[in-house]
Amino acid sequence: MLTGPLPGLVLTWQIDGLSAFFALVILSISAVTGIYALGNGRHHASFPGSGGLYVLFVFAMLGVVVAGDAFTFLIAWETMSLVSFALVLTEHRREEVRRAAWVYVVMTHTATAFIVSAFLLLARGSGSLVFAEWTAHASASDAGIASVIFVLGLVGFGTKAGMIPLHIWLPQAHPVAPAHVSALMSGVMIKLGIYGLLRLSFDWLAPGPAWWGALILGLGAASAVLGVLYALMEHDLKRLLAYHSVENIGIILFGVGAAVMARALGLGAIVALALSAALFHVANHATFKALLFMGAGAIDSAVGTRDLERLGGLVRRMPFTALSFLVGSAAISALPPLNGFASEWLTFQSLLQLGRLAEEPQTALLPLLAGGALALTGALAVACFVKAFGVSFLALPRSTQAAAAREVGALELIPMATLALLCIALGLAAVPVVTAIGSLVPAAMLPHDGPALGLAAPAGGRLVLPGIALALPTFGALALLLPRLLGPVRARVAETWACGIALQPVHEYTAMAFAKPIRLMFRDIVRPVRDIGVVHRSGTRFVASVHYRSHIAPIFERYVYEALTDRLVAMARVVRTLQNGSLQTYLAYLFAALLVALVLAR
């Protein structure tokens with residue numbers, strides 16, 4: 001507890017298992033990205049004091065997770081938001097950067113307004129701003145008020161997490177920020193929205209109705225599926241990764257939603273399993289997403305672009321970056337035996353077991369549908385990172401800049417290699433890691449009335465990831481050795497046959513062509529837009545050139561936010577005509593207001 005500068009103002013701090021878990025994620029990822037920033041900063045412009053803002057950003061995030069009352073929490077929360085806004089504006093001379101930063105600051109302050117509203121209702125019910133008092137008063141809260149508080153908190157914390165449909169700031173702000181800032185924002189900062197949602201759902205409020213969990217599951221499904229679909233359509237590597245943050249927030253929400261629903265149904269074992277899955281994926285996503293953003297920053301430094309269509313052939317020029325990026329791509333695609341597979345498998349088990357144990361058919365159906373959405377998300381994620389890695393690193397260079405690329409320095413390679421090894425270690429040691437996570441979470445939030453935590457479902461078998469890790473290279477070695485054991489192998493090296501012509505970069509699959517079958521399959525969702533321009537030769541009908549451009553217009557941006565913005569601008573124009581600067585007009589307004597006041601006073 002710390003006395004503030006104003007009379008009666010007290011800043012309260014608390015550290016429990018959940019705070020310690022999130023603080024560990026913040027410190028570990030920020031330490032690695034801080035080292036990376038020292039090397040990557042040599043290639044990109046910054047502004048004086050950016051290093052100090054980075055440190056303040058880390059301390060503000062720590063302040064959020066150790067705050068013990070609403071006032072302290074909001075001070076840390078606003079500091080985190082404003083400092084990250086300044087870091088996004090590092091390259092503020094670009095119009096794209098300024099627009100993305102303003103969208104971010106508007107959305108984050110809108111989120112804060114919802115959080116403050118939820119906090120005021122909690123403080124009104126308990127008579128205190130201290131979180132411990134909210135927890136003690138949770139069981140005495142009115143059910144209707146509790147549902148209002150839950151919805152307000154879900155909107156506020158969900159916006160910061162990048163949950164669809166409140167995600168529009170994320171794919172704009174993360175790509176334009178420096179690589180180490182993007183890694184920290186995407187890997188860590190958005191998880192504090194999950195932290196707030198966990199505190200709200202399991203600490204500050206009593207167990208609510210099952211529809212709370214159902215709502216989170218539905219929003220998680222939308223975030224996961226739409227996030228990975230939008231990522232598949234992107235050709236900017238950092239924007240692609242930003243949409244995958246939306247996808248992985250959806251995966252975390254599957255675990256949170258299953259836990260909230262199981263808590264309402266009194267299924268303590270499922271609460272333990274689902275929360276373990278959610279928290280494990282928080283740590284895993286922080287690890288491989290920071291790795292991938294640093295890899296994208298290394299590519300940008302070496303080539304000067306993030307456009308997939310201008311990359312290619314980097315595996316020969318940047319082999320260490322390619323290997324690290326490959327590990328991160330396999331981890332985020334949930335391939336065994338890496339960490340992404342372990343936490344997604346645990347999430348699958350929680351959803352399937354909740355669907356099996358729920359008594360009412362309508363309650364059991366939603367977790368099973370969420371499991372299907374998670375399976376679809378995993379398949380699309382594999383396709384997306386085959387595109388991202390293959391187009392970036394394989395085949396021939398598609399530009400002179402890619403052909404001249406060189407490996408980045410040790411200060412960038414060491415952090416990437418560290419996180420790549422951590423992706424492998426977290427996957428192989430998944431069982432003890434999940435058990436440790438379960439021991440950190442307070443007992444009130446993670447009941448242990450079911451089986452011991454670990455990678456085992458309450459009614460299912462156990463997954464032995466070290467065995468899978470040993471089996472994969474064993475079978476690979478057998479596949480290579482078996483032909484040699486059967487007889488002599490005669491190998492002949494020749495150029496790739498291309499119908500008698502020399503291979504050129506224009507013969508390669510482009511990122512757009514790779515994603516086109518999926519774009520056509522889901523065209524009613526992603527809504528592709530094609531612009532075709534035909535230029536004719538002067539005075540003739542012969543075609544001189546054809547320009548083709550394809551992009552997508554996400555449904556929420558087009559039909560919700562653009563429509564809302566247009567109406568707000570129209571209202572502003574009306575108000576602008578009323579405020580015309582004429583003294584006579586203002587006197588008329590005063591006279592009309594006086595008449596209305598006199599009529600109402602009668």
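Predicted model only: the values in this text are computed from it and were never measured.
Environment of CZ in Phe21: crowded, with over 12 heavy atoms of neighbouring residues, nucleotides or ligands closer than 6.0 Å. Annotation: Tyr561, atom OH; neighbour count of heavy atoms from other residues, nucleotides and ligands within 6.0 Å is above 12.
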Check: Taking it one step at a time, do His281 and Phe254 satisfy ring-ring contact (aromatic ring centres under 6.0 Å, His included)?
Finding: CA-CA 11 Å; His281 202 72; Phe254 281 141; over 10 Å; no
Next item on the list: Output, in order, the C-alpha distance, side-chain angles, deciding distance and verdict of side chain to side chain contact (heavy atoms under 4.5 Å, CB included) for Met61 and Val188.
Entry: CA-CA 9 Å; Met61 290 190 290; Val188 178; 3.8 Å; yes
Item checked: Intermediate values then yes/no, side chain to side chain donor-acceptor pair (under 3.5 Å), Thr33 and His180 -> CA-CA 5 Å; Thr33 55; His180 65 285; over 6 Å; no
Margin query: Could you go through Thr159 and Thr110, starting from their C-alpha distance and side-chain angles, then the distance that decides it, and tell me whether this counts as side chain to side chain contact (heavy atoms under 4.5 Å, CB included)?
Written below: CA-CA 8 Å; Thr159 302; Thr110 303; 6.0 Å; no
Margin query: Let's go through Leu205 and Trp212 carefully: what are the C-alpha distance in whole Å and the side-chain angles of both, what is the deciding distance for side chain to side chain contact (heavy atoms under 4.5 Å, CB included) to 0.1 Å, and is it a yes or a no?
Written below: CA-CA 12 Å; Leu205 294 176; Trp212 289 8; 3.9 Å; yes
Item checked: side chain to side chain contact (heavy atoms under 4.5 Å, CB included) between Tyr195 and Lys191, worked out -> CA-CA 6 Å; Tyr195 172 80; Lys191 307 304 190 315; over 6 Å; no
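Judged purely by atom type and a 3.5 angstrom limit, Tyr243 has no side-chain atom pairing as donor or acceptor with the backbone of Leu229. Between the side chain of Ser223 and the backbone N or O of Ile164, at least one donor-acceptor pair lies under 3.5 Å. In terms of modelled atom types and a separation under 3.5 Å, the side chain of Thr305 and the main chain of Asp307 share a donor-acceptor contact. In this structure, the side chain of Ser30 engages the main chain of Leu27 through a donor-acceptor pair within 3.5 Å. In this structure a side-chain-to-backbone donor-acceptor pair under 3.5 Å is present from Ser182 to Ala177. The backbone N or O of Phe280 sits less than 3.5 Å from a side-chain atom of Asn284, completing a donor-acceptor pair. Remark: the backbone N or O of Val65 is paired with a side-chain donor or acceptor of Ser19 at under 3.5 angstrom. A donor-acceptor pair under 3.5 Å is absent between the side-chain atoms of Lys160 and the main chain of Gly193, judged by distance alone. Listed for the Asp236 side chain is a donor-acceptor partner under 3.5 Å among the backbone atoms of Arg239. A donor-acceptor pair under 3.5 Å links the side-chain atoms of Ser28 to the main chain of Val25, judged by distance alone.
Here the CG-NE2 distance, from Asn248 to His285, works out to 4.0 Å after rounding to the nearest 0.5 Å. To the nearest 0.5 angstrom, Leu152 atom CG is 10.5 Å from Ile115 atom CD1. Atoms CG and CG, from Leu253 and Leu197 in turn, are 7.0 Å apart once rounded to the nearest 0.5 Å. The CD atom of Glu344 sits 9.0 Å away from the CD1 atom of Ile332 when rounded to the nearest 0.5 Å. Atom CD1 of residue Ile35 and atom OG1 of residue Thr418 lie 7.0 Å apart, to the nearest 0.5 angstrom. A distance of 11.0 Å separates CD1 of Ile437 from CG of Leu275, quoted to the nearest 0.5 Å.
Using a cut-off of 4.0 Å between Lys/Arg side-chain N and Asp/Glu carboxylate O, Asp16 and Arg199 are scored as salt-bridged.
Ring-centre distance between Phe393 and Phe325: below the 6.0 Å cut-off. Under the 6.0 Å cut-off for aromatic ring centres, Phe119 and Phe73 qualify, their centroids lying closer than that.
Looking at every heavy atom in both residues, Leu87 comes nearest to Pro178 through O-CD, 3.6 Å. Nearest heavy atoms, Gly187 versus Ala286: O-CB, 3.1 Å. Contact record, Leu53 with Val83: O-CG1, 3.1 Å, taken as the closest heavy-atom pair. Nearest heavy atoms, Ala388 versus Leu237: CB-CD1, 4.3 Å. The nearest pair of heavy atoms linking Ser329 to Leu292 is N-CD2, 3.7 Å. What you find for Leu217 and Ala370 is that their closest heavy atoms are CD2-CB, 4.3 Å.
A donor atom on one side chain and an acceptor atom on the other are not found under 3.5 Å apart for Asn339 and Thr287. In this model, a donor atom of one side chain and an acceptor atom of the other lie less than 3.5 Å apart for Glu78 and Thr112.
The shortest distance between side-chain heavy atoms of Val176 and Gln172 does not fall below 4.5 Å. In this structure the side chain of Ser186 never reaches within 4.5 angstrom of the side chain of Leu241, judged on heavy atoms.
The only member of Trp169, Trp102, Tyr104 that meets ring-ring contact (aromatic ring centres under 6.0 Å, His included) when paired with Phe85 is Trp102.
A tilted orientation is assigned to the rings of Trp204 and Phe157, their planes being inclined by 30° to 60°.
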